[in-house]
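Can you keep this structure in mind? I'll have questions shortly.
Here the structure is a predicted model, which is why all the values come from computation and not from measurement.
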Amino acid sequence: MFNPQSICVYCASSSRVAPCYIDAAYQLGVLLAKEGIHLVTGGGNIGLMRSVEDGVLDNAGEAVGVIPQFMVEQNWHYDKLTRLHVTEDMHSRKQLMAQLSDAIIALPGGCGTMEELCEIITWKQLGLYLKPIVILNINGYYSHLIAQLEHAIEEHFMGEIHGKIWKVASTPEEALTAVRESEIWDSSIRKYAAL
């Protein structure tokens with residue numbers, strides 16, 4: 001059983017979404033705090049990002065944000081976080097978020113969230129990130145993306161082994177269980193990168 005100390009959550013900064021997404025984000029934050037798992041996020045102050053952060057902070061947990069300088073200049077950062085790391089750019093932000101985490105959970109989000117998710121899947125495919133990745137498919141939000149990834153495997157753009165890179169969950173509770181039941185991969189996965 002894998003026991004993460006910190007989990008990075010990718011999620012939307014949009015606040016104009018259905019309540020089921022906001023509620024799931026908050027509940028995930030509550031669960032992380034109660035389990036003593038530190039949250040790592042993009043450090044934003046609105047949307048699902050704010051909800052998961054509030055879920056942690058409202059329950060005496062630790063929430064760490066990583067945000068680029070240009071977003072701080074726009075006052076997009078959440079100033080109540082336990083810690084806030086300010087990076088030079090988006091690339092540095094994503095790299096530090098991965099470095100600070102023992103696992104990734106992707107809540108629903110737009111292009112930015114999906115880009116983060118696809119990039120971390122690629123990093124794991126290349127053996128650069130070996131830790132658990134869980135897609136939290138609230139309300140079937142990611143079903144089309146998951147189908148596309150499976151189609152990429154069927155069409156041999158990815159190897160069959162790459163289908164084990166991520167796990168899928170439907171609730172915050174299932175997501176934490178999926179993280180705990182995941183194995184940490186070995187860097188030997190690199191030999192399968194081009195399969």
CD1 on Ile135 to NZ on Lys167, rounded to 0.5 Å: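 Atom-to-atom, Lys167:NZ and Ile135:CD1 are 12.5 Å apart.
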Pairs of donor and acceptor atoms involving the side chains of residues 7-32, under 3.5 Å and at least two apart or interchain, shall be tabulated with distances.
from: Ser14; atom 1: OG; to: Arg16; atom 2: N; distance (Å): 3.2
from: Ser15; atom 1: OG; to: Gly47; atom 2: N; distance (Å): 3.1
from: Tyr26; atom 1: OH; to: Asp58; atom 2: OD2; distance (Å): 2.9

Trp123 versus Ala98, closest heavy-atom pair with distance: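 Answer, listing the atom of Trp123 first, then Ala98: CZ3-CB, 3.7 Å.
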Minimal non-hydrogen separation, Pro132 against Ile184, with atom names: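 In terms of heavy atoms, the two residues are closest at CD-CD1, 3.6 Å.
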Within 6.0 angstrom of Glu73 CD, more than 12 heavy atoms from elsewhere: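 Enclosed: over 12 neighbouring heavy atoms sit under 6.0 Å from CD of Glu73.
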Spacing of CG belonging to Leu107 relative to OH belonging to Tyr142, to within rounding of 0.5 Å: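 Reported value, rounded in 0.5 Å steps: 7.5 Å.
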Separation between NE2 of His162 and OG1 of Thr122, rounded to the nearest 0.5 Å: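 With rounding to 0.5 Å, NE2 (His162) is 10.0 Å from OG1 (Thr122).
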Any Lys164 side-chain heavy atom under 4.5 Å of Trp185 side chain: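 Heavy-atom side-chain distance check passes, below 4.5 Å.
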Listed once per pair and sorted, the side chain to side chain donor-acceptor pair (under 3.5 Å) pairs that draw on residues 97-113, sequence neighbours left out: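 Every side chain to side chain donor-acceptor pair (under 3.5 Å) pair that includes a residue of residues 97-113, provided the two are not neighbours, is Ser101-Tyr129.
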Hydrophobic cluster membership, Val168 vs Met158, 4.5 Å side-chain cutoff: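 Both belong to a single hydrophobic cluster.
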Qualifying side chain to side chain donor-acceptor pair (under 3.5 Å) pairs, either residue in residues 30-41, two or more places apart: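 For residues 30-41, and leaving out neighbouring residues, the side chain to side chain donor-acceptor pair (under 3.5 Å) pairs sorted by first residue read Glu35-Arg180, Thr41-Glu53.
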With sequence neighbours excluded, residues passing side-chain contact (heavy atoms from CB on, under 4.5 Å) with Gln148: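 By the side-chain contact (heavy atoms from CB on, under 4.5 Å) rule, Gln148 matches His151.
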Residues which pass side-chain contact (heavy atoms from CB on, under 4.5 Å) with His85, listed by chain and number, not counting sequence neighbours: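 Residues passing side-chain contact (heavy atoms from CB on, under 4.5 Å) with His85: Val64, Val66, Arg83, Leu96, Leu100.
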Side chain Asp89, main chain His91, donor-acceptor under 3.5 Å: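 Yes; at least one donor-acceptor contact below 3.5 Å.
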side-chain hydrogen bond (donor to acceptor under 3.5 Å, both in side chains) partners for Glu150, two or more places apart: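 Listed in chain order: nothing, the list is empty.
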Linked hydrophobic residues, Leu84 as query - side chain contacts closer than 4.5 Å: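 Leu84 shares its hydrophobic cluster with Leu57, Ile67, Phe70, Met71, Val72, Trp76, Tyr78, Leu81, Val86, Met90.
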Shared hydrophobic cluster for Met97 and Met49 (ILVMFWY, side-chain gaps under 4.5 Å):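 Each belongs to a different hydrophobic cluster.
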Value rounded to 0.5 Å, distance of CG in Leu130 from CD1 in Ile165: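 One gets 10.5 Å once the value is rounded to the nearest 0.5 Å.
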Check: Ser51/Asp54 side-chain N/O donor and acceptor closer than 3.5 Å: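 No, because no side-chain N or O of Ser51 sits under 3.5 Å from a partner of the opposite role on Asp54.
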Pairing residues for Arg93 by the salt bridge (Lys or Arg N to Asp or Glu O under 4.0 Å) criterion, not counting sequence neighbours: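 Arg93 satisfies salt bridge (Lys or Arg N to Asp or Glu O under 4.0 Å) with no residue once adjacent residues are dropped.
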Contact check, side chains of Ile121 and Leu117, non-hydrogen atoms, under 4.5 Å: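 Ile121 vs Leu117: side chains touch.
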CD on Gln69 to OG1 on Thr87, rounded to 0.5 Å: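 Spacing of OG1 (Thr87) from CD (Gln69) equals 8.5 Å.
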With sequence neighbours excluded, residues passing salt bridge (Lys or Arg N to Asp or Glu O under 4.0 Å) with Glu119: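 Glu119 satisfies salt bridge (Lys or Arg N to Asp or Glu O under 4.0 Å) with Lys94 only.
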Residues which pass side-chain contact (heavy atoms from CB on, under 4.5 Å) with Ala169, listed by chain and number, not counting sequence neighbours: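 Checked Ala169 against side-chain contact (heavy atoms from CB on, under 4.5 Å); matches are Val134, Leu136, Glu174, Ala175.
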